[in-house]
Amino acid sequence: LRNAGRRIAEMVVMTAEVFDADTVVYGGPNWVHVRPFYEDAAIAALARPSARGPHPVEVLSTAMGTEVGAIGAACAVLDARFVPRLPSRR
């Protein structure tokens, strides 16, 4: 799990660089189990100097708890169903 945490941390660093993120939020149903392996790796990886120079990135756990995936899926369904859209040109 420590090796997986380091590898995921490297992907998080790349994503944070691309999006110029100030905060990274981890979560999901297994977060409580993998947090000891992933969180420290992410903090260490994001603390290393980058091509942009010093840029602090905060690592947080989701406030949504273990149901964050289900909440995100429900939001996508509600968005698709109730958000007005322009008619498509076909």
Side-chain angles (χ1 to χ4, degrees):
L1 284 173
R2 289 191 198 292
N3 190 38
R6 285 190 296 272
R7 289 175 182 254
I8 288 177
E10 292 302 320
M11 291 187 289
V12 168
V13 167
M14 288 182 241
T15 304
E17 290 283 326
V18 167
F19 289 107
D20 195 24
D22 295 320
T23 306
V24 171
V25 180
Y26 276 90
N30 294 313
W31 178 239
V32 294
H33 306 296
V34 299
R35 183 178 184 174
F37 306 102
Y38 286 29
E39 188 173 46
D40 291 340
I43 292 168
L46 288 163
R48 288 194 308 259
S50 71
R52 296 179 294 139
H55 182 182
V57 179
E58 187 176 15
V59 177
L60 302 173
S61 291
T62 181
M64 299 292 183
T66 60
E67 302 302 322
V68 68
I71 293 168
C75 289
V77 169
L78 292 173
D79 181 74
R81 177 67 176 100
F82 295 112
V83 173
R85 308 253 194 261
L86 294 172
S88 62
R89 295 181 182 189
R90 290 188 188 192

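These numbers come from the heavy atoms of this one structure, side chains and all, not from hydrogens, waters or symmetry mates.
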So, for Ala45 and Ala9, which heavy atoms are closest and what is the spacing to 0.1 Å?
CB-CB, 3.9 Å

Val57 side chain near Thr23 side chain, heavy-atom distance below 4.5 Å
no

In the structure I gave you, are the side-chain heavy atoms of Pro29 and Glu67 within less than 4.5 Å of one another anywhere?
no

hydrophobic_cluster_shared for Val13 and Ile43, side chain cutoff 4.5 Å
yes

Between atom CG of Asn3 and atom CD1 of Ile8, what is the distance when rounded to the nearest 0.5 Å?
10.0 Å

Taking atom types as modelled and ignoring hydrogens, do the side chains of Thr62 and Trp31 form a donor-acceptor contact shorter than 3.5 angstrom?
no

Co-membership, hydrophobic cluster, residues Leu1 and Val32, 4.5 Å side-chain:
no

Looking at Leu46 and Ala16, what are the two nearest heavy atoms and their distance?
CD2-CB, 4.1 Å

From Arg7 atom CZ to Arg2 atom CZ, the distance as rounded to the nearest 0.5 Å:
16.0 Å

Using 4.0 Å as the upper bound for N to carboxylate O, is an ion pair formed by Asp79 and Arg85?
yes

Can you see which heavy atom on Gly27 is nearest to which on Val68, and at what distance?
C-CG1, 4.0 Å

Shared hydrophobic cluster, Met11 / Val25 (ILVMFWY, side-chain heavy atoms < 4.5 Å):
no

Where does the angle between the aromatic ring planes of Tyr38 and Tyr26 fall among parallel (under 30°), tilted (30 to 60°) and perpendicular (over 60°)?
perpendicular

